[in-house]
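Step one of this worksheet: look at the structure below.
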Amino acid sequence: VAGELDAKFVQLGRQACEAANGSDSAADIIPAGTAVRAVVRLVPGCGHAVHVERPLELLLILDDFVA
């Protein structure tokens, strides 16, 4: 989860997703055969502190993930 205005963590999240979802750089982190589906969820109009700036949106994203 990242605020869409936080360019650094939007980029890091996208890189982490690429690694988790099967690029070669994930080989040392994720065991072969592991089913992983990573996504980046961006909170519109939000900066770095999603939990402070948009706590309800963060809660809904986390609730969706856990469900």
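Everything numeric here is computed off the predicted structure, so don't read it as measured data. Any value given below was found using the heavy atoms of this structure, including those in side chains, with hydrogens, waters and symmetry copies removed.
Remark: Glu53 CD to Cys46 SG distance equals 4.0 Å, nearest 0.5 Å. The distance from the CZ atom of Arg54 to the CG atom of Leu59 is 14.5 Å, given to the nearest 0.5 Å. Atom CD of residue Glu57 and atom NE2 of residue His51 lie 14.0 Å apart, to the nearest 0.5 angstrom.
Cluster membership for Leu62 and Val43, using ILVMFWY side-chain heavy atoms within less than 4.5 angstrom, is shared. Under the 4.5 Å side-chain contact rule for hydrophobic residues, Val10 and Leu5 do not share a cluster. Residues Val50 and Ile61 share a hydrophobic cluster, clusters being chains of Ile/Leu/Val/Met/Phe/Trp/Tyr side chains in contact below 4.5 Å.
Nearest heavy-atom pair, Cys17 versus Val39, reported as atom, atom and distance to 0.1 Å: SG-C, 3.4 Å. In terms of heavy-atom proximity, His48 sits nearest to Asp6 at ND1-OD2, 2.6 Å.
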task = Quick one: do Lys8 and Leu12 satisfy side chain to side chain contact (heavy atoms under 4.5 Å, CB included)? Show the steps, please.
result = CA-CA 6 Å; Lys8 177 181 177 180; Leu12 287 172; 4.1 Å; yes
